[in-house]
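Take a look at the structure below.
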Amino acid sequence: MPGSPRPAPTWALLLRLLALLRPPGLGEACSCAPAHPQQHICHSALVIRAKISSEKVVPASADPADTEKMLRYEIKQIKMFKGFEKVKDVQYIYTPFDSSLCGVKLEANSQKQYLLTGQVLSDGKVFIHLCNYIEPWEDLSLVQRESLNHHYHLNCGCQITTCYTVPCIISAPNECLWTDWLLERKLYGYQAQHYVCMKHVDGTCSWYRGHLPLRKEFVDIIQP
């Protein structure tokens with residue numbers, strides 16, 4: 001039915017999906033499609049700021065025949081940006097123990113704080129993996145931190161497309177072209193750190209950073 005909420009994924013389903021991310025013939029690899037931080041926030045069920053208190057290896061399920069293991073991180077939640085309707089306070093987060101299934105390694109028992117994005121499973125557990133946006137809080141720019149409260153959420157109707165080659169052409173009025181890979185040969189470069197793809201009243205979208213103009217390199221690629 002249109003408009004009906006999507007059912008929460010199950011643990012087993014997520015593990016199967018992550019297994020499909022392995023490139024053929026590479027048993028110890030995790031591959032993720034690139035996504036701008038704004039896309040990660042929009043597509044995640046949960047977004048929090050937290051510290052990692054401890055970690056423990058636990059069974060992936062109660063089934064004795066299931067040999068999969070998970071890492072359970074006990075966390076201290078500092079702030080929740082998204083997910084209020086699903087969970088009130090997160091005490092534990094789970095990730096695959098196997099690195100080939102995109103398991104995340106975080107620093108426990110330290111003062112380091114993280115921005116964590118992830119899914120909330122059907123049993124209420126919070127699940128994260130390397131294809132989520134997980135960054136040390138200190139590495140986030142001021143624009144990124146401020147956008148977690150408002151701009152990212154309010155502009156999920158915009159489409160962000162990664163540019164790999166020139167020319168890179170806008171194909172829809174609500175599209176922003178993400179050029180960090182072209183200009184800097186890395187995904188989370190200047191544009192990811194300092195710009196938000198914002199929707200205007202006419203339904204079009206464009207990059208925005210307060211009163212600052214769009215960098216000339218972005219314009220040259222969008223309009224070759």
Side-chain angles (χ1 to χ4, degrees), residues 18 21 30-52 73 75 77-84 86 90 93 95 102-107 112-120 126-164 168 170 172 174-200 204-215 217-219 221-222:
L18 289 172
L21 293 173
C30 170
S31 177
C32 306
H36 186 275
Q38 180 172 333
Q39 293 171 291
H40 279 294
I41 303 304
C42 289
H43 297 158
S44 297
L46 185 85
V47 182
I48 60 173
R49 176 184 178 184
K51 291 171 60 176
I52 311 302
Y73 290 108
I75 71 166
Q77 179 178 304
I78 299 170
K79 184 171 182 179
M80 181 177 289
F81 300 98
K82 186 178 180 182
F84 304 97
K86 296 181 179 295
V90 180
I93 56 175
T95 191
C102 302
V104 180
K105 184 64 178 176
L106 303 173
E107 289 186 25
K112 180 175 285 189
Q113 299 179 17
Y114 291 93
L115 174 70
L116 303 171
T117 70
Q119 292 77 40
V120 180
V126 175
F127 184 88
I128 66 171
H129 52 75
L130 285 176
C131 296
N132 296 127
Y133 189 57
I134 297 170
E135 291 289 329
W137 183 259
E138 62 184 14
D139 291 350
L140 299 179
S141 69
L142 179 60
V143 170
Q144 288 175 312
R145 296 181 189 187
E146 292 179 342
S147 297
L148 290 169
N149 288 309
H150 301 292
H151 291 319
Y152 286 157
H153 303 283
L154 296 176
N155 293 283
C156 289
C158 293
Q159 176 183 339
I160 298 175
T161 300
T162 308
C163 289
Y164 297 105
C168 191
I170 289 178
N174 70 330
E175 185 178 13
C176 292
L177 300 181
W178 182 22
T179 58
D180 278 340
W181 181 253
L182 272 179
L183 299 179
E184 303 181 44
R185 282 296 182 261
K186 63 180 180 180
L187 287 178
Y188 300 130
Y190 190 89
Q191 198 176 16
Q193 293 172 348
H194 300 290
Y195 283 86
V196 178
C197 183
M198 297 191 70
K199 197 165 192 175
H200 306 291
T204 62
C205 294
S206 62
W207 292 113
Y208 178 81
R209 184 193 178 188
H211 64 280
L212 298 180
L214 192 66
R215 285 176 65 191
E217 298 98 309
F218 301 158
V219 177
I221 290 174
I222 294 172

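Small disclaimer: the values here were computed from a predicted structure and weren't measured. Nothing fancy with the numbering, it's 1 onward along the sequence.
Annotation: the span from His200 atom NE2 to Cys205 atom SG amounts to 7.0 Å, rounded to 0.5 Å. From Leu154, atom CG reaches atom CE of Met198 across 7.5 Å, with rounding to the nearest 0.5 Å. Here Ile41 contributes atom CD1 and Phe81 contributes atom CZ; the two are 8.5 Å apart, rounded to the nearest 0.5 Å. To the nearest 0.5 angstrom, Ile93 atom CD1 is 7.0 Å from Ile134 atom CD1. Separation of atoms CH2 (Trp178) and OG1 (Thr162) is listed at 5.0 Å; rounding is to 0.5 Å. For the atom pair Leu140 CG and Gln193 CD, the distance stands at 9.0 Å (nearest 0.5 Å).
At least one donor-acceptor pair closer than 3.5 Å links the side chain of His153 to the backbone N or O of Leu148. With hydrogens and angles ignored, the 3.5 Å screen pairs no side-chain donor or acceptor of Gln159 with any backbone N or O of Ala172. Under the 3.5 Å distance criterion, the side-chain polar atoms of Glu175 are left unmatched by any main-chain donor or acceptor of Thr161. Looking only at distances, no side-chain donor or acceptor of Ser44 sits under 3.5 Å from a matching main-chain atom of Thr117.
Under the 2.5 Å cut-off for SG-SG separation, Cys30 and Cys131 do not qualify: their sulfur atoms lie farther apart than that. At least 2.5 Å separates the SG atom of Cys176 from that of Cys158.
Counting non-hydrogen atoms of other residues, nucleotides and ligands closer than 6.0 Å to NE2 of His40 gives a total above 12.
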Subject >> Tyr152/Gln144 under side-chain contact (heavy atoms from CB on, under 4.5 Å): CA gap, chis, key distance, verdict >> reply: CA-CA 9 Å; Tyr152 286 157; Gln144 288 175 312; 3.5 Å; yes

Original post:
When you look at Gln119 and Asn132, which way does the side-chain contact (heavy atoms from CB on, under 4.5 Å) test go after all the steps?
Top reply: CA-CA 9 Å; Gln119 292 77 40; Asn132 296 127; 3.2 Å; yes

**OP:** Show your working on side-chain contact (heavy atoms from CB on, under 4.5 Å) between Val90 and Leu116 and close with a plain yes or no.
**Re:** CA-CA 11 Å; Val90 180; Leu116 303 171; over 6 Å; no

**OP:** Verify side-chain contact (heavy atoms from CB on, under 4.5 Å) between Glu135 and Tyr188, making sure each step is shown before the conclusion.
**Re:** CA-CA 11 Å; Glu135 291 289 329; Tyr188 300 130; 4.2 Å; yes

Original post:
For Ser147 and Gln38, what are the C-alpha separation, side-chain angles and deciding distance, and is it a side-chain hydrogen bond (donor to acceptor under 3.5 Å, both in side chains)?
Top reply: CA-CA 9 Å; Ser147 297; Gln38 180 172 333; over 6 Å; no

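Within the 4.5 Å cutoff, the side chain of Ile75 has no heavy atoms near those of the Val126 side chain. The side-chain heavy atoms of Ile52 and Lys112, taken from C-beta on, include no pair separated by under 4.5 Å. A heavy-atom distance below 4.5 Å is not found between the side chains of Tyr133 and Gln39. The shortest distance between side-chain heavy atoms of Met80 and Leu46 falls below 4.5 Å. Side-chain contact between Asn149 and Lys79 is present, with heavy atoms from C-beta onward closer than 4.5 Å.
When every heavy atom of Pro34 is checked against every heavy atom of Leu187, the shortest pair comes out as CB-CD1, 3.6 Å. The shortest heavy-atom contact between Tyr114 and Glu107 is OH-N, 2.9 Å. Summarising the geometry of Leu177 relative to Gln191, their closest heavy-atom pair is O-NE2, 3.2 Å, with the distance given to 0.1 Å. Of all heavy-atom pairs between Asn155 and Lys199, the closest is OD1-N, 2.7 Å. Here the closest heavy-atom approach between residue Ile128 and residue Gly118 is recorded as CG2-CA, 4.2 Å. Residues His43 and Lys82 approach most closely at N-NZ, 4.3 Å, considering heavy atoms.
Ring planes of Trp207 and His36: tilted class, angle from 30 to 60°.
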